[in-house]
Amino acid sequence: MASVTVSFEDLWKRFGRRAVLTGVSGTLRPGRVLVVTGPNGAGKSTLLSIVSGLLRPSRGTVRYRNGETELPRRAWCGVIGVAAPDMAVYEELSAIENLRLFTRLRGLRATDDQLAELLDRLGLAAREQRRPVGVYSSGMKQRVKLAQALVHDPPVLLLDEPSSNLDGAGHEVVAALVRERRPATAIAVATNDPREAAWGDEEIHLAG
Amino acid sequence: MLGEALAVLAKELRSELRSRVALNAILLFALTTLVAVAYQIGPYRIHEEDRPHLLAALLWIILFFAATSGLSRVFVKEEDAHTAKTLRLAARPGAVFAGKFAFNLLLLAVLEVLIVPLFCVLLGYSVAGPLGLAVLLAAGSVALAAVATMVAAIIARASGSGTLFAVLTVPLALPLLVMLIQGTRAAAGSAEVAAVLPALRGIVSLAGVTLVSSAFLFPVVWHD
């Protein structure tokens with residue numbers, strides 16, 4: 001797994017006349033967890049969308065570096081894993097079929113056993129893994145979303161409210177995952193949950 | 001890239017076989033209009049000299065509007081189900097376009113395989129050059145799938161996307177429809193494949209232009 005650093009400088013984002021982000025800067029480094037906090041509508045999800053490349057900022061820059069080499073924008077997708085409330089997986093497909101799809105789309109190969117093991121670690125029972133995601137509870141869907149973000153073992157992980165819809169055990173699974181990935185992964189977590197905020201080494205607070 | 005495009009196509013096929021939303025919409029529209037037309041016109045209510053023109057036009061009106069009722073779903077459903085962002089982060093734009101274009105092409109093939117023979121039987125439409133008609137249908141499907149897939153990508157994030165799809169597709173596909181009707185008339189009247197060549201040249205050119213321009217435009221539409 002490559003070691004990737006993400007820096008963003010002076011990010012501004014306007015939707016019409018409303019400025020959501022006003023000059024936000026920060027860095028994601030392997031081994032560190034950056035927590036983004038703030039009230040609803042403060043721009044936490046917008047910031048992660050800009051950092052992931054899904055949204056363009058009105059002003060400011062985002063740079064991905066692998067050592068001294070700057071990665072072009074088209075290469076960002078290969079090094080990030082993103083789980084967010086507005087990013088769903090396919091409900092007609094099973095959890096295993098979803099993960100198989102996302103590994104193939106990234107040009108990777110994984111056996112069904114490897115995919116099942118990842119789902120097991122996220123707490124999705126084996127008997128559920130081959131049922132269509134459409135019949136899952138919201139907590140089970142959240143576990144598949146997280147698995148989708150992790151399936152290619154990305155060096156950058158962007159998690160937007162990762163424990164939402166999860167019970168206490170689910171929260172512990174995500175906390176363990178962040179602990180396990182932290183040494184080699186640059187992680188950003190957008191959250192309002194004090195338990196998730198406690199994972200952070202650094203914090204950006206967006207006032208809204 | 002081919003492997004990724006095939007993965008997108010396989011996902012589309014699997015989803016469609018389980019939900020059957022696009023297939024049901026297209027076939028229901030096509031069968032309803034075909035039965036209504038057959039009931040009102042049948043094989044005998046058009047003068048012999050008017051048949052080649054009218055039946056060729058009717059066939060393509062049924063196929064075209066049935067197709068527009070389902071082909072936009074390839075992108076609209078991604079936005080509706082909030083899977084578009086997940087797909088954007090996982091796949092290259094070229095693979096997404098190729099997979100969804102291939103899926104729309106397959107949908108059109110199913111539509112044509114079912115509707116064209118039924119149309120010929122119910123309306124007594126005899127085609128002297130079935131090979132010419134088959135070539136024309138194949139080329140027309142490629143062009144129509146290319147136009148529909150690109151327009152579907154453009155309108156997917158707009159509100160009222162269904163109406164917008166028809167509004168944008170009809171003017172873009174109108175020259176194609178005219179050429180397809182002319183070619184079908186020629187295939188019905190002559191056993192020679194050469195009879196459809198003038199229309200075929202235009203259709204292939206339009207398909208080529210649409211696919212090449214889509215290759216450049218789609219990444220911009222998909223990411224911005």
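Quick note on labels: first sequence line is chain A, next is B, and so on, each numbered from 1. What's counted below: heavy atoms across the whole structure, side chains too, no hydrogens, waters or symmetry copies.
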Do you know which two heavy atoms are closest between [X] and [Y], and how far apart they sit?
| X | Y | result |
| --- | --- | --- |
| B:A7 | A:L101 | O-CD1, 3.5 Å |
| A:M87 | B:L89 | CE-CD1, 3.6 Å |
| A:V89 | B:T83 | O-CG2, 3.5 Å |

Separation between [atom1] of [X] and [atom2] of [Y], rounded to the nearest 0.5 Å:
| X | Y | atom1 | atom2 | value |
| --- | --- | --- | --- | --- |
| B:K85 | A:S52 | NZ | OG | 8.0 Å |
| A:S94 | B:R18 | OG | CZ | 6.5 Å |
| B:K11 | A:L93 | NZ | CG | 7.5 Å |

Which bit of [X] is near chain B, if near means a heavy-atom gap under 4.5 Å: side chain, backbone, both or neither?
| X | answer |
| --- | --- |
| A:E97 | side chain |
| A:I80 | side chain |
| A:R104 | both |

Salt-bridge contact B:K77-A:E92 (side-chain N to carboxylate O under 4.0 Å) =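 Salt bridge: no.
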Under 4.5 Å heavy-atom distance to chain A, tell me which part of B:A90 shows up: side chain, backbone, both or neither.
->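 Both backbone and side chain.
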Under 4.5 Å heavy-atom distance to chain A, tell me which part of B:E16 shows up: side chain, backbone, both or neither.
->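 Neither the backbone nor the side chain of B:E16 comes within 4.5 Å of chain A.
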Hey, is CZ on B:R20 packed in by over 12 heavy atoms from elsewhere, all under 6.0 Å?
->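 Count not over threshold, so no.
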B:Y39 atom OH: more than 12 heavy-atom contacts under 6.0 Å =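 For B:Y39, atom OH is not crowded (no more than 12 foreign heavy atoms under 6.0 Å).
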Is it true that a side-chain atom of B:T86 and a backbone atom of A:A88 form a donor plus acceptor pair closer than 3.5 Å?
->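 Yes: the side chain of B:T86 pairs with the backbone of A:A88.
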